[in-house]
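Have a look at the structure below, then the notes.
Computed from heavy atoms alone, side chains included, the values below leave out hydrogens, waters and symmetry copies.
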Amino acid sequence: MAVTSERIHLDGLARRLVLDGLITEEAARKHFGEARKKKKSFVGFLVEQKILDSQTIALSASEEFGVPLFDINALNKEVIPKGIVEEKLVRKHHALPMFKRGNKLFVAVSDPTNLQALDEIKFQTRMSTEAILVEEDKLARIIDIAMDDDDTSMDDLLDDDLDNINFDDPDAAPIEDDLDSEIDDAPVVRFVNKILLDAIKKGASDIHFEPYEKKFRIRTRQDGILKEVASPPMNIANKLTSRIKVMSRMNISERRIPQDGRIKMALSKKRSIDFRVNTCPTLYGEKIVLRILDPTSAQVGIEQLGFDPTQKEAFLKAIKKPYGMILVTGPTGSGKTVSLYTALNMLNEPDINISTAEDPVEITVAGINQVNVNPKTGLSFAEALRAFLRQDPDIIMVGEIRDLETAEISVKAAQTGHLVLSTLHTNDAPQTLNRLSQMGIPPYNIAASVLLIMAQCLARKLCDKCKKEETLPTDLLLKEGFKLEDAEGLTTYKAVGCDYCVNGYKGRIGIFQVMPVSEAMEDLIIQGGSTKDLDVQSAKEGVLTLRESGLEKIKTGITSIEEINRITKD
């Protein structure tokens, strides 16, 4: 029988977090129940879902329970006793023996009230135990390192490891043996490996290798902004290009046409990163762009996407419908894939048949049938959709609706008992309906099939460690779009910059326009209403534009006026 949040008794650290005002009692009960359901620790769940950061929780626990906070980064990992406690027990309780003194075992925990962990470790080792308080994220990392000597953590990779990173992809063709020796030049190998590792550590989404007449530039895109990270000598430019092409299983002798490839980097036995690689011949050589595809990036909870309560409710209501179409729109790199996979992960159950057609599949998910579209072999989105419909699907995800044929099949599927999720490239939600009409879909079919349209973009979040309050004149806030009642006395924040962030920002959050298709909108669509007509109707129904959603993020101190001005229009 399910445990309701009202029946959950809060004590220990959970109670402390409530009393400190870090989380409401209702939210604590809810998250406690969710953590129990997923068989995770309460602290681990809060940090994983980004509800609270690990340092805040640790400081609160240290003050309440009188347990000193230990910086695990200062520990010599060689002193960690190996094999003294079974891995199953360590991972079950998220508690790691750190060192021994006589018959006393010091155990790292993120929740000092987890007495069951200390008792079970005491029983297994026959030693007395004492808790050491460690921040949750650091504890998770050190457990992964300690539990598998052969496993390599990102933060554990040193310069000595740069020669030995595993790029083996069992699905790829073997690399040819008769390659020019310069490709395997050790310094070049180490340099490329370091660039890839640094980009992953920084959370970058792309790496750009760019040749110019007198300069070779390497840039990474972090939180949507490109930044130069290296400028290697021109005399190794060709070696770097050849090395990446070899890693990507490309033809290194072909430099006149674009090529596509893929690199698979094994960070550990349990985690790997894919790079989607593209080359393009330019005036002074081949420009190479690597798109970093991290499967963990799409494993976020709906709470972390950035919805306000009304938007979240509308989105959840739509994805729970048995049939119909949900469309997500926005520019490239706006997080559409993450939003779609957040929905699919919520819907992914053993009794549900989910199929996706993508170009290419960026994130693999167990339990979902994923197809790589390949127009060169005749496997288009339309062909994949036809195949899906012959395989009794419940939910279909189409990577992108690009043409009339794909749009027609998607609409037909949505009208015949399937839930269809897809993307389009338009600037906002109302424009999407007109785009379908311009493709050639009859208005009555659009009105009968589309449940909800969601436009989105990504805004950089202000760094919590260095953001600074600023009080702006009311007139200026009104010009930015704030209402008078919101503008008067509003405290906003600006970016500063510190060692922890990039120019005052760290991480990104979604800005959304979530527009359910109401009966009034269906009438407008059938009557051939314009985008402006749909804009007016959506405003009447309380749908926030992307700009208005951005202003809400400013009011809560999540981002700055400058950032919202950068990504939205007035």
Side-chain angles (χ1 to χ4, degrees), residues 34 37-38 48-50 205 271-272 274 276 291 293-307 311-330 332-373 381 384-385 387-389 391-402 406-407 409-411 413-414 416-425 429 432 449-456 458 509-510 512 514 516:
E34 290 174 347
K37 183 179 178 182
K38 294 185 177 182
E48 179 187 273
Q49 298 296 314
K50 298 182 181 178
S205 59
R271 185 186 175 199
S272 62
D274 281 351
R276 195 172 77 205
R291 177 83 182 273
L293 308 175
D294 186 354
T296 61
S297 66
Q299 296 174 2
V300 299
I302 192 170
E303 304 290 344
Q304 282 66 59
L305 289 180
F307 290 126
Q311 292 173 336
K312 176 184 171 184
E313 181 183 356
F315 182 71
L316 290 176
K317 183 179 179 181
I319 67 173
K320 290 177 181 176
K321 293 285 182 69
Y323 57 88
M325 182 183 288
I326 297 170
L327 295 172
V328 182
T329 183
T332 301
S334 61
K336 299 188 295 294
T337 300
V338 173
S339 296
L340 288 173
Y341 269 98
T342 298
L344 291 179
N345 281 325
M346 296 176 69
L347 297 168
N348 188 12
E349 298 289 347
D351 59 341
I352 301 293
N353 181 12
I354 303 176
S355 296
T356 74
E358 302 168 70
D359 183 19
V361 173
E362 295 187 3
I363 298 152
T364 57
V365 180
I368 296 178
N369 308 291
Q370 298 171 279
V371 173
N372 258 327
V373 168
F381 280 116
L385 278 171
F388 290 164
L389 292 174
Q391 296 198 340
D392 187 31
D394 298 300
I395 299 169
I396 296 171
M397 195 269 272
V398 186
E400 183 183 348
I401 294 178
R402 299 175 179 172
T406 305
I409 301 172
S410 299
V411 167
T416 55
H418 308 90
L419 183 65
V420 179
L421 294 83
S422 189
T423 69
L424 275 173
H425 286 289
T432 305
S449 59
V450 179
L451 299 172
L452 176 139
I453 299 173
M454 183 168 76
Q456 67 178 80
L458 291 174
I509 193 168
F512 297 95
V514 181

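- Judged purely by atom type and a 3.5 angstrom limit, Asn353 has no side-chain atom pairing as donor or acceptor with the backbone of Asp394.
- Nearest heavy-atom pair across Ala366 and Asn348 is O-ND2, 2.9 Å.
- Residues Ala343 and Phe315 approach most closely at CB-CZ, 3.8 Å, considering heavy atoms.
- Note that CE of Met397 and CG of Leu419 are 12.0 Å apart. Values are rounded to the nearest 0.5 Å.
- Residue Thr342 is tested with Thr337, Ile302, Ile319 for a side-chain contact (heavy atoms from CB on, under 4.5 Å); the sole match is Ile302.
- Considering all non-hydrogen atoms of both residues, Ile396 and Phe388 come closest at CG2-CD1, 3.9 Å.
- Rounding to the nearest 0.5 angstrom, the gap separating the CG atom in Leu327 from the NZ atom in Lys336 is 12.0 Å.
- Annotation: the span from Asp359 atom CG to Glu400 atom CD amounts to 8.5 Å, rounded to 0.5 Å.
- A side-chain donor from one of Gln456 and Ser339 sits under 3.5 Å from a side-chain acceptor of the other.
- For the residue pair Leu458 and Gly333, the shortest heavy atom distance occurs at CD1-O, 3.5 Å.
- In this structure, the separation between CD1 on Ile352 and CD1 on Ile368 is 11.5 Å, given to the nearest 0.5 Å.
- To the nearest 0.5 Å, atom CD of residue Glu358 and atom OG of residue Ser422 are 10.5 Å apart.
- Ile409 has its side chain within reach of Leu389: a pair of non-hydrogen atoms, C-beta onward, lies under 4.5 Å apart.
- Scanning both residues, Met325 and Val411, for their nearest heavy atoms gives CE-N, 3.6 Å.
- Looking at heavy atoms from C-beta onward, Ser410 lies in side-chain contact with Leu385 at the 4.5 angstrom threshold.
- Using a 4.5 Å heavy-atom cutoff, the side chains of Val398 and Thr406 are in contact.
- Two residues are said to be in side-chain contact when any heavy atoms from C-beta on lie closer than 4.5 Å; Lys317 and Leu452 fail this criterion.
- Looking at heavy atoms from C-beta onward, Val328 lies out of side-chain contact with Leu421 at the 4.5 angstrom threshold.
- The CD1 atom of Ile354 sits 8.5 Å away from atom CD of Glu349, with the distance rounded to the nearest 0.5 Å.
- Between Ile401 and Ala407 the shortest heavy-atom distance is CG2-CB, 3.6 Å.
- Taking the side chain as every heavy atom from C-beta outward, Leu316 and Met346 approach each other to under 4.5 Å.
- Side-chain N or O atoms of His425 include one that pairs as donor or acceptor with a backbone N or O of Gly330 at under 3.5 Å.
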